[in-house]
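Everything numeric in this text was worked out from a predicted model, so none of it was measured. Residue numbers count from 1 along this sequence.
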Amino acid sequence: MTESDSNVPFSFVDLPATRSTQKPRRKGLTMVADFGLPLRYAEDLFDLAGRYIDLMKIAVGTSRLYDGATLRRKLALYRERGARAFLGGQFQEYVYATYGTKALPRFLEEARRVGFETIEISDNCVPLSDAERREQIRLAHDCGLAVFGEVGSKDAKTGASLLIAQADVCFSAGCELVLVEAAELTERGEPNRALIAQLSSAIDFSKVLIELPGPWISGVTLSAIEDMKKFLVREFGPDVNIANVLPNDIMETEALRVGLGVVGPSARTAAKEQA
């Protein structure tokens, strides 16, 4: 941000020196889930909070429901505002489960044609073997797409060793980032601290996005979402990578990152310790 102090409200209030403020960021990424934002809403969202948005996931199979021109305009908007859009992995899971491997090249080529440059490959609901995961990543690369991998299941607890192994497969196959499925990281509405600690000790967390739980996970409350955000910032500092932030929560999430929310002094302590 290059604004003069006179153009920044309350500029005398210091923010953590460790918080990345320039885009494109290499750490402290915020990924926002787009389940069908109207185009003008998205424009307003970026006018307000665009400096804090790094990635936009076009979630599940919603891209099938757009008018083509509207989808292209949305992807162009995100690109122009410095946010990297990507196609959520559950759509590919659906195509794979419904039409088989033979349909994937056509699906990936269509993703490129409508304007996607990056795709997520996941097995939240349709399990993949290591060989299948590598093959789907290769197919996406062959179609000119960058790939984010996602590990973990929505309906089964995988365990740290398998999540770590799956992340290693993703990275070795050429994924830029790996997302960890939120359903794996919560237990009875609480962050699974032991599991997250195991993951952080074995994987480079600068290349990992931790997904927030959401209402799509049975039993998840608003307080559970907030608890996970607060835990991540307290544990890893303001530059932790957070995924699945909902549009209305972007500003509040950034406030938590920099200690202006209820995380407050804990975030500042973490920032000082990392400085």
Following the transitive rule for hydrophobic clusters with a side-chain heavy-atom cut-off under 4.5 Å over Ile, Leu, Val, Met, Phe, Trp and Tyr, establish whether Leu145 and Leu71 coincide in one cluster.
yes

Salt bridge (charged side-chain N to carboxylate O under 4.0 Å, His left out), that's the test. Do Lys230 and Glu235 meet it? Break it down for me.
CA-CA 8 Å; Lys230 293 169 190 174; Glu235 187 71 17; over 6 Å; no

Answer yes when Glu109 and Arg112 have at least one side-chain N-carboxylate O distance shorter than 4.0 Å, and no when they do not.
no

Look at the side-chain heavy atoms of Ile, Leu, Val, Met, Phe, Trp and Tyr, link any pair under 4.5 Å apart, and say whether Ile164 and Leu162 land in one connected group.
no

Provide the closest heavy-atom pair for Glu93 versus Val126 in the form atom of the first, atom of the second, distance.
OE1-N, 2.9 Å

Nearest 0.5 Å, what's the CZ-CD distance between Phe231 and Glu226?
15.0 Å

Where the side chain of Lys157 meets the backbone of Ala183, is there a donor-acceptor pair that is under 3.5 Å apart?
yes

Does a donor on one side chain and an acceptor on the other come within less than 3.5 Å for Gln136 and Tyr96?
no

What closest approach, in Å, do Cys143 and Pro105 show between heavy atoms, and which atom pair accounts for it?
SG-O, 4.1 Å

At what distance, to the nearest 0.5 angstrom, does CG of Leu212 lie from CG of Asp227?
11.5 Å

Determine whether Phe35 and Pro247 make a side-chain contact, defined as any pair of heavy atoms from C-beta on separated by less than 4.5 Å.
no

When you look at Val32 and Asn244, which way does the side chain to side chain contact (heavy atoms under 4.5 Å, CB included) test go after all the steps?
CA-CA 5 Å; Val32 177; Asn244 281 353; over 6 Å; no

Ring centres under 6.0 Å, that's the criterion: do Tyr99 and Phe107 meet it?
no

Ignoring hydrogens and angles, tell me if any N or O in the side chain of Asp34 forms a donor-acceptor pair with the backbone of Ala59 under 3.5 Å.
no

Could you tell me which non-hydrogen atom of Ala85 sits nearest to which non-hydrogen atom of Leu75, and how far apart they are?
CB-CD2, 3.7 Å

Counting only heavy atoms from other residues, nucleotides and ligands, does the tally under 6.0 Å from CZ of Arg26 exceed 12?
no

Could you give me the CA-CA distance, side-chain angles and deciding distance for Arg81 and Asp47, then say whether salt bridge (charged side-chain N to carboxylate O under 4.0 Å, His left out) is met?
CA-CA 9 Å; Arg81 298 298 187 96; Asp47 285 344; 3.0 Å; yes

Verify whether one side chain among Arg257 and Thr30 offers a donor that lies under 3.5 Å from an acceptor in the other.
yes

Taking the six-membered ring where the residue is Trp, are the ring centres of Phe116 and Phe86 under 6.0 Å apart?
no

side-chain contact (heavy atoms from CB on, under 4.5 Å), paired with Arg79, selected from Arg84, Met56, Lys74, Glu117
Glu117

Nearest 0.5 Å please: distance from the CG atom of Leu256 over to the CE atom of Met251.
12.5 Å

Separation between CD1 (Ile137) and CD1 (Ile119), nearest 0.5 Å, reads 11.0 Å

Inspect the contact between Lys57 and Glu211 and indicate whether a charged nitrogen and a carboxylate oxygen are less than 4.0 angstrom apart.
yes

Is Arg133 salt-bridged to Glu150, cutoff N-O under 4.0 Å?
no

Co-membership, hydrophobic cluster, residues Val169 and Val147, 4.5 Å side-chain
no

Test your reading of the model: is there a side-chain donor-acceptor pair from Asn192 to the backbone of Leu185, 3.5 Å cut-off?
no

Would you say the side chain of Ile203 lies within less than 4.5 Å of the side chain of Phe171, judging by non-hydrogen atoms?
yes

What I want to check is whether the side chains of Asp239 and Ser20 have a donor and an acceptor closer together than 3.5 Å.
yes

Mind checking the CD-CD1 spacing from Glu132 to Ile121? Nearest 0.5 Å is all I need.
12.0 Å

Can we say Asp44 and Arg40 salt-bridge, meaning some charged N sits less than 4.0 Å from an Asp/Glu carboxylate O?
no

Could you check whether any side-chain heavy atom of Leu87 comes within less than 4.5 Å of a side-chain heavy atom of Glu120, counting everything from C-beta outward?
no

All heavy atoms of Pro213 vs all of Ile225, minimum pair found to be O-CG1, 3.2 Å

Locate the shortest heavy-atom distance separating Cys170 from Val151; write the atom from each residue and the value.
SG-CG1, 4.1 Å

Give the cluster check for Tyr66 versus Val60: same hydrophobic cluster or not, with ILVMFWY residues linked at side-chain heavy-atom distances below 4.5 Å.
yes

Residue Arg64 excluded, over 12 heavy atoms near CZ under 6.0 Å
no

Any non-hydrogen side-chain atom of Leu45 less than 4.5 Å from a side-chain atom of Leu37?
yes

Given 3.5 Å as the limit, does a donor-acceptor pair link the side chain of Ser200 with the main chain of Ala197, or not?
yes

Report the C-alpha separation of Ile210 and Ile242 in whole Å, then their side-chain angles, then the decisive distance to 0.1 Å, and conclude whether the side chain to side chain contact (heavy atoms under 4.5 Å, CB included) test is met.
CA-CA 5 Å; Ile210 299 297; Ile242 300 177; 6.0 Å; no

Between Glu184 and Lys154 (salt bridge meaning N to carboxylate O under 4.0 Å), is one present in this structure?
no

Leu199 and Val208: side chain to side chain contact (heavy atoms under 4.5 Å, CB included), yes or no, with the steps?
CA-CA 10 Å; Leu199 297 179; Val208 171; over 6 Å; no

Side chain to side chain, Asp123 and Gln166, heavy atoms closer than 4.5 Å:
yes

In sequence, state the C-alpha distance, the side-chain angles, and the governing distance for Lys207 and Val178, and then conclude on side chain to side chain contact (heavy atoms under 4.5 Å, CB included).
CA-CA 6 Å; Lys207 297 179 181 178; Val178 167; over 6 Å; no

Any heavy-atom pair between the side chains of Leu55 and Leu177 that's under 4.5 Å?
yes

Judged by atom type as modelled, is there a donor-acceptor pair below 3.5 Å linking the side chain of Asp249 to the main-chain atoms of Glu252?
no

Is it the case that Ser153 and Glu181 place a side-chain donor and acceptor less than 3.5 Å from each other?
no

Contact between Ile53 and Ile250 at the side-chain level, heavy atoms closer than 4.5 Å - yes or no?
yes

Roughly how far, to the nearest 0.5 Å, is CD1 of Ile196 from OG of Ser201?
12.0 Å

If hydrophobic clusters are built by linking Ile, Leu, Val, Met, Phe, Trp and Tyr wherever their side-chain heavy atoms come under 4.5 Å apart, do Leu139 and Val114 end up in the same one?
yes

Around atom CZ of Arg106, are there more than 12 heavy atoms of other residues, nucleotides or ligands at under 6.0 Å?
no

Search all heavy atoms of Asn241 against all heavy atoms of Leu29 and return the closest pair with its distance.
OD1-N, 2.8 Å

How about CG on Leu222, more than 12 heavy atoms from neighbouring residues, nucleotides or ligands closer than 6.0 Å, or not?
no

I'd like to check Leu260 versus Glu254 (side-chain heavy atoms, cut-off strictly below 4.5 Å). Are they in contact?
no

Is the closest basic N to carboxylate O distance between Asp54 and Lys23 below 4.0 Å?
no

